[in-house]
Amino acid sequence: MKIMIFDQGHPVTEQLLTKAIEVFGTPESGTCEIVLARCIGKAHETAADQLQKTVAEERPDVLLMGATALGEEIAPAMGIRLGTGVAAHCVDMELRYDGEVVFLIPAFGGRVIGEIMIPDVQPGRPAIATVKPDIFSADAALVSEINENNRLRVIDLEPAGEHRGFQLTGRQPRPRAAVDIGKAELILCGGAGLGSPETWQRLENLAKALGGAAGCTRPVVDAGWGPDESSMIGTSGRSVRPKVYIGFGISGAAHHLCGIKDADVIISINKDKKADIFNASDHKGVFNAEDVLSALEEEIGL
Amino acid sequence: MVILVLVKPVPDPEKYNEIQIDPQTKRILRQDAAAVLDPASKCALEEALRIKSEVEAASGDARCEVIALSMAPQTNRDKILECLAMGADAGYLLSDPAFGGADTYATSYVLAEGAKAILAAEELDAFDLIIAGNESADGATSHVPVQVAEWLGLPHLARVCELQIQREGAEGQEGAGGTPVIAATKKTEEMLLTFRCEEPALVAVTRDINKPRHISAMGIVKARKKPLTIWTNDDLKLDEAKIGAAGSPTKAGELMTPDLSRGGRDLTEEDGSAADAAKAILALLRKEGLGA
Ligand SMILES: Cc1cc2nc3c(=O)[nH]c(=O)nc-3n(C[C@H](O)[C@H](O)[C@H](O)COP(=O)(O)OP(=O)(O)OC[C@H]3O[C@@H](n4cnc5c(N)ncnc54)[C@H](O)[C@@H]3O)c2cc1C
């Protein structure tokens with residue numbers, strides 16, 4: 001079985017590689033071959049054309065890529081061009097005894113997880129799957145050992161020349177949050193129940209004072225209280241795995257819960273004792289979020 | 001100018017926490033959540049309507065027609081009416097039991113064929129622009145817009161958070177005439193990328209691009225007089241092997257609802273104060289080696 005991973009120079013590649021080895025076997029196990037199709041710093045507008053060519057030459061059975069802005073543009077395009085199915089945003093995958101690959105994908109904001117099979121695959125018409133960053137964790141030691149010993153074949157995609165359609169005219173870095181929630185061990189997360197941009201600011205300051213990062217739900221982004229989607233946790237935001245997550249004024253919609261389910265400890269504060277987030281928490285407190293924020297500020301002398 | 005907007009009815013996203021799976025059949029138990037227009041579809045339509053009013057304001061006789069297209073069961077006719085009430089000029093609903101059970105591959109095929117059939121019916125050469133929501137609330141794959149563009153052989157750009165139509169006259173100056181040029185900003189993990197496209201294309205917009213307008217009473221009245229066409233496969237005449245479940249390369253297996261329950265113990269005694277809760281939180285942080 002040949003597994004191709006589209007490598008766009010994003011940390012998700014190492015996460016995919018770790019998972020692929022776990023599911024399909026090491027590159028030398030004889031059961032599978034894993035190859036990286038690398039497209040870093042080359043014209044992204046033509047990445048789909050480049051990958052299509054490489055797939056035709058290499059004839060993989062499975063094509064995996066990160067569900068990044070680039071991957072989400074390329075994976076569905078590959079599906080149509082190669083006449084095959086694409087499993088979106090896999091949260092797990094499994095190789096059955098009969099050789100069929102089963103992908104688990106979320107629907108309804110993560111409330112439902114469904115099995116997806118792509119039965120009619122052939123070499124060159126691979127099963128395609130995308131995986132969001134940080135859904136799988138990378139085994140850093142394994143990945144660096146593999147790289148150092150050149151255990152993987154890496155195919156550098158050839159930049160295609162002229163192309164029609166969208167032409168890149170400018171690029172500008174997005175502002176970054178002070179602390180990246182993807183790496184934080186402690187996340188204080190604010191929801192609509194914070195009520196105001198001022199309270200959000202207090203949550204952000206408190207997170208900083210406690211050595212953690214501030215995350216949020218969608219209404220906080222939509223209301224323009226400060227953070228952008230890079231701090232939003234959930235289906236259309238980030239998946240996080242801190243040691244401790246503390247939610248303030250968050251109802252616990254499936255769209256949000258699916259992003260926090262891998263936290264070691266979940267603590268939540270909500271004034272409504274029936275809030276859905278309580279059942280998904282280890283520890284809960286039925287309080288006004290602001291009161292608990294004030295008490296925390298006082299305790300740590302903020 | 002003609003803009004096609006792809007819209008999708010979805011079960012109300014506010015109700016997803018209530019979805020249950022039948023343990024025997026492994027299917028979703030009676031999904032009676034009312035359908036609503038997908039939030040991102042509304043943003044796509046809003047964007048088209050904004051462009052329409054800009055184009056029409058720029059010159060008295062410039063026309064910009066906005067056509068809404070959806071593939072959904074006939075019970076969703078009112079969602080197309082909603083698009084017309086928001087301001088779309090015409091609506092098309094592709095409804096046939098044979099379209100059901102489709103994955104994104106077969107869905108995008110039917111939508112692309114529907115788009116071609118609209119061109120034929122309206123005697124148009126091409127749409128100047130197709131706009132879709134980047135991801136729907138239910139499946140949220142973000143595949144369908146890109147795949148429709150691929151079927152139609154059009155350039156596509158997803159995750160668009162800013163969109164402008166520039167009209168460049170023969171001398172390159174902006175004006176009402178000339179070819180429309182699409183200027184779009186795509187948001188990636190780290191960058192804002194700006195693109196230009198000088199030919200018809202599809203863009204998939206994210207929900208931060210705008211705040212969709214509310215429907216006015218006047219909009220509702222006007223909607224009833226606008227053309228709403230429902231096509232079945234008798235009209236489209238698509239090969240049954242390429243549509244619905246038969247035309248879908250992916251097959252769905254069992255469904256489950258992940259068990260996220262963790263017990264939810266109280267932080268404090270029954271009538272504990274917020275200060276007690278704060279102390280309990282800090283104690284839990286210390287236990288994990290965290291906190292100031
Ligand atoms: C396609 C799609 C994708 C989405 N993706 C995401 C996503 O990635 N991430 C995300 O978070 N959401 C996402 N959502 C939105 C999601 O469905 C919910 O609407 C959202 O998570 C709710 O955020 P919330 O809990 O902050 O607000 P609400 O649901 O409004 O809850 C606010 C809570 O605060 C409590 N509260 C109010 N006042 C106080 C107070 N003074 N003190 C304490 N508690 C108080 C209330 O009891 C309530 O439980 C998405 C939706 C769609 C349709």
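Reminder, nothing fancy here: chain letters follow the sequence lines and each chain counts from 1.
- Between D49(A) and R81(A) there is a salt bridge, since at least one side-chain N of the basic residue sits less than 4.0 Å from a carboxylate O of the acidic one.
- Residues of residues 260-272 of chain B having a heavy atom under 4.5 Å from any heavy atom of chain A, listed by number: L260(B), S261(B), R262(B), G263(B), G264(B), R265(B), D266(B), L267(B), T268(B), G272(B).
- Among E14(B), K15(B), K279(B), E18(B), the residue making the largest number of heavy-atom pairs under 4.5 Å with chain A is K279(B).
- One side chain, E72(A) or H89(A), offers a donor N or O that lies under 3.5 Å from an acceptor on the other.
- Panel note: side chain R111(A), backbone I19(B); a donor-acceptor pair is recorded below 3.5 Å.
- In this structure, the portion of L104(A) lying under 4.5 Å from any heavy atom of chain B is its side chain and not its backbone.
- Taking a cutoff of 4.0 Å between a charged side-chain nitrogen and a carboxylate oxygen, R207(B) and E46(B) do not qualify as a salt bridge.
- Closest approach of L202(B) to A204(B), counting heavy atoms only: CD2-N, 4.1 Å.
- The aromatic rings of Y105(B) and W151(B) sit perpendicular, their planes meeting at an angle over 60°, well past the 30° parallel limit.
- When heavy atoms are compared at a cutoff of 4.5 Å, A127(A) does not approach chain B at all.
- To the nearest 0.5 Å, atom CD of residue Q8(A) and atom CD1 of residue I74(A) are 7.0 Å apart.
- Contact of T84(A) with chain B is made through the backbone alone, with heavy-atom distances under 4.5 Å.
- When heavy atoms are compared at a cutoff of 4.5 Å, D291(A) approaches chain B by way of both its backbone and its side chain.
- Residues in residues 275-302 of chain A take part in no ring-ring contact (aromatic ring centres under 6.0 Å, His included) pair, two or more places apart or across chains.
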